[in-house]
Every structure is written in structure tokens, then in C-alpha cells.
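Notes follow once the structure below has been shown.
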Amino acid sequence: MAESAVQSGLDRHAQPIRSILVTQPQPTNDTSPYSSLAEKYGIRVDFREFIDVQGVPYKEFRKEKVNILEHTAVIFTSRNAVDHFFRICQEAKLEMPAEMKYFCISEQTANYLQKYIVLRKRKLFVGQRTAADLFDVIKKHKGEKFLYPCSDIRKDDLPEFMRANNLKFTEAVIYRTVASDLSDLAEVKYDCLAFFSPSGISSLFVNFPDFTQDSTRIAAFGPTTAKAVRDASLVLDIEAPMPNAPSMAGAIEAYIRKHNA
């Protein structure tokens with residue numbers, strides 16, 4: 001990816017943001033806050049996934065000798081986990097028993113789960129947004145044997161919590177996160193790059209090992225993404241969530257209001 005057009009050494013904030021690359025899939029509707037941002041400030045907003053999710057083949061999963069039906073509860077921390085868990089179940093010709101309990105990281109994940117099963121309220125337990133929100137709920141179900149389907153790249157907080165509390169759980173890698181091919185962006189310039197995971201930062205340098213930031217503004221959502229930005233020796237200009245900007249779009253708008261002429 002090409003560096004910003006502004007020469008190095010000038011005030012990095014002096015150049016108004018006129019173009020943004022959001023490293024996520026394009027929203028499926030026109031009510032996205034990014035659409036409002038683009039229209040309100042006359043900014044070009046593009047979307048491009050920096051990471052690609054690839055399911056672990058069932059034959060490979062079988063080698064791990066994870067018996068899904070030996071477990072009494074499943075923990076879901078993403079839609080990808082839901083999709084690939086039920087893909088594995090379908091390929092294994094398994095049907096989830098009615099008494100299986102489901103612990104979801106958020107309401108969005110819980111609602112998405114209904115794509116595959118009819119949920120009973122007493123079998124569903126939901127956090128607010130992060131794994132930490134689920135900890136108190138999980139503690140009340142210490143007798144369960146938990147299955148945690150996840151990616152090969154995942155946060156350590158949930159497994160560490162399970163081990164620290166002597167809870168029975170099995171971690172099953174059912175999909176992998178790899179860098180997308182971004183070679184077509186080699187000569188494209190953006191004033192702002194918005195990242196949502198450390199994997200996105202890794203993908204940037206996998207595709208463009210000689211990337212230099214110069215006046216390109218970097219935005220990061222979440223503390224782990226912010227840390228990945230700084231660990232890569234990049235300057236973090238926009239951070240979310242913040243008290244005055246709980247969303248990425250809100251944080252970018254706050255920056256634009258402050259620095260765009």
C-alpha cells in the first residue's frame with residue numbers, strides 16, 4: 001500500500017482526511033454510520049477485509065479427537081465460530097441435544113445462533129460484549145463441561161479464566177485467520193486506515209512489508225488492536241472506544257471535527 005501523499009516532516013494532522021479505508025466487510029445496508037460520515041464531510045470511505053477466515057477441514061478436525069457430544073455447553077465468541085462449529089456438526093452428522101447450553105459473548109452473536117437452532121431461553125446465556133462479561137455467568141455453571149470453538153488466533157483471557165477457575169473445558173480450533181491478498185492496493189493512497197484486530201495489522205505488513213506511515217492516520221478499535229499498532233512502531237492517531245466516542249465511526253468523526261478545516 002502506498003504511503004500518504006503528504007511529505008514526511010510536515011504536521012501529520014495538517015492534511016484533512018478525505019479518504020478512509022475500513023478494514024472490514026462493506027455494510028449490507030445504507031444505514032451504516034460510515035455512510036453518514038461520508039455524506040456529511042464529503043469523504044470517500046472504502047471497505048476491504050484485511051483478514052480471510054478459512055475453515056479447518058473436517059478430516060483435520062477429527063485428528064484432534066474432540067468429542068462434541070461429550071460436552072454440555074458451548075461458548076461462542078464470534079459469528080465465525082458459530083458458522084464453523086455448525087459446519088463441523090453438519091459434516092459429522094451430529095445433531096445438538098435439546099439440553100445443550102450456549103454461552104454467547106453478545107446479543108448479536110446470540111441472535112445469529114438462531115440461524116442454526118431454535119433456542120430456549122433457559123439454555124442461552126449472554127454477555128454484554130466481551131469475554132469478561134461472561135465470566136460471572138460461567139462461574140454459576142461450574143458443573144458444565146464447556147467446549148470453546150475458536151480460531152487459531154484468539155485472545156488468552158477466556159482460556160486463562162477457565163483454567164484459573166478449574167472449569168472443565170476443551171478448546172477446539174475450527175477455523176484459521178490468514179492475511180488477505182491486498183496486492184491490488186499497492187498503489188492506492190488513503191488518509192486514514194481503520195483497524196479492528198491485531199490480525200489486520202499483521203496483514204498490512206504481510207502484504208506491504210515496507211509500509212511507511214508518514215501522514216497516514218491510523219485508527220484502532222479495542223486495546224489489543226491499539227497495542228498491535230504501537231508494537232508495529234506506528235503512530236496511533238484515533239482510538240476507540242472512548243467515553244465520547246464508543247464507535248469507530250464516532251471516533252473518526254471526532255478527529256475530523258478537530259483537524260479538518
Side-chain angles (χ1 to χ4, degrees), residues 1-27 32-34 37-38 41 43-53 78 129-130 151-157 176-261:
M1 179 175 293
E3 62 197 41
S4 177
V6 179
Q7 293 180 354
S8 179
L10 297 178
D11 180 4
R12 57 184 293 98
H13 304 296
Q15 176 76 359
I17 289 180
R18 298 301 183 198
S19 60
I20 302 169
L21 181 61
V22 179
T23 62
Q24 283 190 326
Q26 183 157 353
S32 163
Y34 297 105
L37 194 65
Y41 296 97
I43 293 172
R44 171 188 172 192
V45 180
D46 293 338
F47 297 86
R48 181 65 176 273
E49 288 187 89
F50 269 40
I51 56 174
D52 186 27
V53 174
S78 71
R129 193 176 66 182
T130 67
S151 168
D152 60 327
I153 300 175
R154 53 97 178 115
K155 296 180 181 179
D156 295 329
D157 50 359
R176 297 188 179 93
T177 304
V178 299
S180 299
D181 180 3
L182 307 173
S183 56
D184 58 304
L185 295 178
E187 300 302 324
V188 182
K189 298 179 177 66
Y190 288 96
D191 295 318
C192 178
L193 304 177
F195 293 95
F196 298 82
S197 72
S199 298
I201 302 297
S202 298
S203 178
L204 174 67
F205 285 98
V206 166
N207 281 275
F208 311 108
D210 298 324
F211 173 81
T212 55
Q213 183 176 0
D214 292 333
S215 65
T216 300
R217 267 53 59 89
I218 301 292
F221 190 90
T224 57
T225 310
K227 181 178 184 300
V229 170
R230 296 186 178 102
D231 288 348
S233 298
L234 299 173
V235 177
L236 179 59
D237 302 285
I238 303 167
E239 189 170 359
M242 299 295 281
N244 63 331
S247 69
M248 176 65 88
I252 293 175
E253 182 172 11
Y255 179 93
I256 289 172
R257 285 201 305 265
K258 182 177 180 180
H259 295 287
N260 276 25

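- When all heavy atoms are compared, the tightest approach of Pro198 to Thr224 is CG-O, 3.6 Å.
- A heavy-atom distance below 4.5 Å is found between the side chains of Leu37 and Ile20.
- Looking at residues two or more places apart in sequence or on another chain, you find no side-chain hydrogen bond (donor to acceptor under 3.5 Å, both in side chains) involving Asp210.
- Checked against side-chain contact (heavy atoms from CB on, under 4.5 Å), Pro27 has the following partners two or more places apart in sequence or in another chain: Ser32, Phe47.
- With sequence neighbours excluded, no residue forms a side-chain hydrogen bond (donor to acceptor under 3.5 Å, both in side chains) with Thr23.
- The only member of Leu193, Asp191, Ile252 that meets side-chain contact (heavy atoms from CB on, under 4.5 Å) when paired with Arg217 is Asp191.
- With contacts defined as side-chain heavy-atom distances shorter than 4.5 Å, the pair Arg48/Leu21 qualifies.
- In this view, Asp181 and Ser183 satisfy the side-chain hydrogen bond (donor to acceptor under 3.5 Å, both in side chains) rule, not counting sequence neighbours.
- The CD1 atom of Ile51 sits 9.0 Å away from atom CD of Gln24, with the distance rounded to the nearest 0.5 Å.
- Annotation: ring-ring contact (aromatic ring centres under 6.0 Å, His included) contacts of Tyr41 (sequence neighbours excluded): none.
- No side-chain donor-acceptor contact under 3.5 Å links Thr212 to the backbone of Asp214.
- Residues Thr177 and Ser199 bring no donor and acceptor atom of their side chains to less than 3.5 Å of each other.
- Under the 4.5 Å side-chain criterion, counting only non-hydrogen atoms from C-beta, Ile218 is not in contact with Val235.
- Residues satisfying the side-chain hydrogen bond (donor to acceptor under 3.5 Å, both in side chains) test with Ser197, not counting sequence neighbours, are none.
- Side chain of Ser151 to backbone of Arg154: no donor-acceptor contact under 3.5 angstrom is found.
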